[in-house]
Amino acid sequence: SLTQALTLEGGTALDLPALIALGQAHKIAFLKAIQCLNIATPLGQGLWEGVPLREVLRLCGPMRNVRRIYYRGFHNNDPKQIFQSSLSYTQVMETPPGDPAPFLAYRLNGKPIPLKRGGPVRLIVPWAHGFKSIKWLQRIAVTNDFKANDTYANQNNDPESFLKTAAYLDGAPEKFSAGNPIFLSGLALAGLSGLKRVEHWLHRVEPGANAVVQDDATYRAARWTPCALAAPPSDWSRVLPVGVAAKEVFGFDPKTGQPGTWPLRYSMTSWSATPRNLAPGKYEFRARAVDLNDFAQPEPRPVQKAGKNAVGVHRFEVT
Ligand SMILES: Nc1nc2c(c(=O)[nH]1)N[C@H]1C(S)=C(S)[C@@H](COP(=O)(O)O)O[C@H]1N2
Ligand SMILES: [Mo]
């Protein structure tokens, strides 16, 4: 239980001005990719600003017999349909230094959060897939229940899965003429286990050959070549929204304003490949991410719904 609950009924509920005031004292700014567990490509990336959830809970005094924090937001006008999520007490209150804390965001890309993105207040869980980042946040409750109550815990989703390290392909032409440059690119998301590299496999499709299937003999014999990863921007003020200094963004050095690691965890970086001197014919281009534990995408996720991250393929012809 809470020593001092903040409730609508009691007239003590936290409102937006009070939350923003709390944010002046305990601000967090974080660059985060939003990726759904069930959708093949990331939904986007932005600079979120807000106040750690632990600071809001601290307003309620010491807690007793609490194991999880449950929270939910507006979903639609049918009161039976709810979208909810949860975190463990420790994840919320005892975030280790160096790790980003779950927070109540009230700004996105330097402006109030648009309605579509979950404004006025959205709960952002930096390390998690989209389903933990509840839009139109309305209610936070503490419980002694040990179970995740997440809407997404149903249907074989893993409610504790972290963002998955994975590479995604940009759209590209289906035909190139021989002798001209071929440029293929995409985004790579650095998940919990970090990103060591993105690599590609260019496979020439011989007439009449069987289609390559993930993990078949051809796939297992593939030779993967490293792709180029974009370097960090030299001038972050050109990338970040006006009014947000790189020095105040989580994971950036407060002295130099440079990222502490590259690529930044839980956000996306561009990669590219420029295959040269391809003879006319049909080709399949695949790209995959390798994490810092040397797992190549889609490993090591045991269920698809722990973060959809199938290896992307682009088919093209050189004429
Ligand atoms: N209130 C509420 N929040 C929600 C959802 C929802 O249906 N209702 N969907 C979640 C899921 S499953 C995802 S993937 C993200 C999508 O975030 P976006 O709309 O900003 O891309 O929002 C999450 N937050
Ligand atoms: Mo989702």
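In listed order, ligands and their atoms are each counted from 1. Sequential numbering from 1 along the given sequence is applied to the chain's residues.
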Sidechain-backbone polar pair: K32 side chain, A128 backbone, donor-acceptor under 3.5 Å: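 Yes: the side chain of K32 pairs with the backbone of A128.
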Check: H200 side chain, T225 main-chain N or O, donor-acceptor pair, under 3.5 Å: yes
Whether F316 and F176 hold their rings parallel, tilted or perpendicular, with breakpoints at 30° and 60°: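 Because their plane-to-plane angle is over 60°, the rings of F316 and F176 count as perpendicular.
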Side chains of P112 and Y106 in contact at under 4.5 Å (non-hydrogen atoms): no
Under 4.0 Å from ligand 1 - residues by heavy atom, chain and number: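 Residues within 4.0 Å of ligand 1: I34, C36, L43, F74, H75, F83, R117, R122, G130, F131, S133, I134, K135, W136, Y152.
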Pairs flagged by ring-ring contact (aromatic ring centres under 6.0 Å, His included) wherever residues 8-65 is involved - sequence neighbours left out: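 Non-adjacent pairs meeting ring-ring contact (aromatic ring centres under 6.0 Å, His included): zero.
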Salt bridge (Lys or Arg N to Asp or Glu O under 4.0 Å) evaluation trace for D158 with K305: CA-CA 7 Å; D158 172 3; K305 282 182 154 190; over 6 Å; no
